[in-house]
2 protein chains.
Amino acid sequence: MRNTVAKTEILNLIKSSNQAFSHAEIEAKLEGLCNRVTIYRVLERLEEEGQIHKFVNINGVLKFAACHDCTDHHHDHHAHFNCTSCGTVTCLEEVEPVYKVPKKYKVQEVNFTLSGLCPNCC
Amino acid sequence: MRNTVAKTEILNLIKSSNQAFSHAEIEAKLEGLCNRVTIYRVLERLEEEGQIHKFVNINGVLKFAACHDCTDHHHDHHAHFNCTSCGTVTCLEEVEPVYKVPKKYKVQEVNFTLSGLCPNCC
DNA sequence: AATCTATTGCAACACTGTTGCAAATATAAA
DNA sequence: TTTATATTTGCAACAGTGTTGCAATAGATT
Ligand SMILES: [Mn+2]
Ligand SMILES: [Mn+2]
Ligand SMILES: [Zn+2]
Ligand SMILES: [Zn+2]
């Protein structure tokens, strides 16, 4: 996979923040640096490289966040918190839900999203 | 709130199944009984009446399910399971995630969605 | 510098969900 | 039963998210 201006900028943006970004937010921050389709494709590549992870936010929209403490294959096991006041979405990497499904189910993927008030808005 | 043909049919459909339905699935089953916008509005009304609850599926699309054992105000606290093989989405009303967020956060809403293989597909 | 292949831009599209407004209809009142 | 009225519906139009095909462009390698 090649490194390009768009890829570098998008990765910088995401890595420089502890927030998760939606496609629309990234597009706004980049201010016309590249086409919106490119953003989607770059995000896909960054995810394949294991540099970012994505998840479905509580409103159904995809969010992308840097991988910090994420261990290899369970990028998506931790909780994500959506503040209803300031709108920010944060990885709570230390928060993992404990649950028990009937043993006839085989769980492969987990999405655990919370919303409410973040520390800044409480 | 008035009872109408559309409302009755949609409620029957949802109540007669233990699966959760998307708007598109309901539209397909109703076979032109009413306009698609009406379906959205009926679903909204049924939710206000407490007869159904909605949640964001693991793919970001809204799903609607009947309220059976749902207790009053936490329709959305239980888990939902999306089978990657047969595509069905089921309420796991007995499955509630246990978690602990840093006390500076105030949680208001929870979305907990699992995907994998259901008992029929295991 | 030339080559090759991955990446990009563009246009077009599918899908989900929402809104305004006029017409239709369920329900309550006469 | 008929009338009045407020709710519900259909339609058209729209916004937002995400995807695809294809030709043009630009990284990387030689
Ligand atoms: Mn995360
Ligand atoms: Mn449910
Ligand atoms: Zn906040
Ligand atoms: Zn299944």
Side-chain angles (χ1 to χ4, degrees), chain A residues 1-14 19-65 76 80 82 87 89 109 111 113 115, chain B residues 1-14 19-65 76 80 82 87 89 109 111 113 115:
Chain A
M1 293 201 218
R2 293 177 186 173
N3 288 317
T4 62
V5 177
K7 189 179 161 197
T8 306
E9 289 299 310
I10 292 172
L11 185 57
N12 282 346
L13 173 61
I14 296 178
Q19 305 297 329
F21 292 94
S22 68
H23 171 273
E25 287 163 347
I26 294 169
E27 193 179 0
K29 295 248 183 191
L30 292 184
E31 288 173 323
L33 177 85
C34 67
N35 188 270
R36 53 187 291 276
V37 179
T38 301
I39 300 177
Y40 280 112
R41 299 201 261 225
V42 165
L43 289 168
E44 197 180 5
R45 258 187 298 152
L46 289 172
E47 201 199 358
E48 280 165 19
E49 288 183 355
Q51 306 210 261
I52 64 173
H53 62 282
K54 74 158 177 262
F55 56 91
V56 175
N57 194 13
I58 205 143
N59 61 358
V61 174
L62 284 179
K63 283 274 187 173
F64 301 86
D76 57 349
H80 293 103
N82 188 336
V89 175
E109 248 189 272
N111 182 290
T113 315
S115 80
Chain B
M1 294 203 216
R2 292 177 185 174
N3 288 317
T4 62
V5 178
K7 189 180 160 196
T8 307
E9 288 300 310
I10 292 172
L11 184 56
N12 281 347
L13 173 60
I14 296 178
Q19 304 297 330
F21 292 95
S22 68
H23 171 272
E25 287 163 346
I26 294 169
E27 194 180 359
K29 295 247 182 193
L30 292 184
E31 287 172 323
L33 177 86
C34 67
N35 188 270
R36 52 187 291 275
V37 179
T38 301
I39 301 177
Y40 280 112
R41 301 201 260 225
V42 165
L43 289 168
E44 196 179 6
R45 257 186 300 151
L46 287 172
E47 200 198 359
E48 280 165 19
E49 289 182 354
Q51 306 210 261
I52 65 173
H53 61 281
K54 74 158 179 261
F55 56 92
V56 174
N57 193 14
I58 205 144
N59 61 357
V61 174
L62 284 179
K63 283 274 187 174
F64 301 85
D76 57 349
H80 294 102
N82 189 334
V89 175
E109 247 188 273
N111 182 290
T113 315
S115 80

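Residue numbering restarts at 1 for every chain, and letters A, B, ... go by the order of the sequence lines.
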Quiz prompt | Taking every non-hydrogen atom, the tightest pair across A:Asn82 and A:Gly87 | solution =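 Answer, listing the atom of A:Asn82 first, then A:Gly87: OD1-O, 4.0 Å.
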Given side chains that start at C-beta, do those of [X] and [Y] come closer than 4.5 Å, heavy atoms only?
X       : Y       : value
A:Leu43 : A:Lys54 : no
A:Val56 : A:Leu62 : yes
A:Ile52 : A:Phe21 : no

Quiz prompt | Partners meeting salt bridge (charged side-chain N to carboxylate O under 4.0 Å, His left out) with A:Glu44 (sequence neighbours left out) | solution = none
Starting at [atom1] of [X] and ending at [atom2] of [N], how long is that distance when rounded to a whole Å?
X       : N      : atom1 : atom2 : value
B:Asn59 : D:dT17 : CG    : P     : 16 Å
A:Glu44 : C:dA6  : CD    : P     : 15 Å
B:Leu46 : D:dT8  : CG    : P     : 11 Å
B:Leu30 : D:dT9  : CG    : C1'   : 14 Å

Quiz item: Which pairs pass salt bridge (charged side-chain N to carboxylate O under 4.0 Å, His left out) with one or both residues in residues 1-10 of chain A, sequence neighbours excluded?
Solution: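 Salt bridge (charged side-chain N to carboxylate O under 4.0 Å, His left out) check on residues 1-10 of chain A returns A:Lys7-A:Glu49.
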Donor-acceptor pairs are to be reported for all side-chain atoms of residues 24-40 of chain A against protein atoms at under 3.5 Å, with residues two or more places apart or in another chain.
from: A:Glu25; atom 1: OE1; to: A:Ser22; atom 2: N; distance (Å): 2.7
from: A:Glu25; atom 1: OE1; to: A:Ser22; atom 2: OG; distance (Å): 3.4
from: A:Glu25; atom 1: OE1; to: A:Lys63; atom 2: NZ; distance (Å): 3.1
from: A:Glu25; atom 1: OE2; to: A:Lys63; atom 2: NZ; distance (Å): 3.2
from: A:Asn35; atom 1: OD1; to: A:Val37; atom 2: N; distance (Å): 2.9

Quiz item: Of all residues at least two apart in sequence or in a different chain, which pass the side chain to side chain donor-acceptor pair (under 3.5 Å) check with A:Thr113?
Solution: A:Asn111
Quiz prompt | DNA chain C contacts made by residues 1-14 of chain A, counting heavy atoms under 4.0 Å | solution = A:Met1, A:Arg2, A:Thr4, A:Ala6
Exercise. Report, as a single string ordered 5' to 3', how protein heavy atoms within less than 4.0 Å touch nucleotides 10-19 of chain C: B base, S sugar-phosphate only, - not at all.
Key: BB----BBBB
Self-check item: Interatomic spacing from CZ in B:Arg45 to OG1 in B:Thr4 - rounded to 0.5 Å
Solution: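 These two atoms lie 5.0 Å from each other.
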Quiz item: To the nearest 10 degrees, what angle separates the axes at the start and end of the helix from C:dA1-D:dT30 to C:dA30-D:dT1, five pairs each?
Solution: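 Angle reported: 30°, given to the nearest ten degrees.
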Exercise. State whether the side chain of B:Asn57 and the backbone N or O of B:Asn59 hold a donor-acceptor pair below 3.5 Å, judged by distance alone.
Key: no
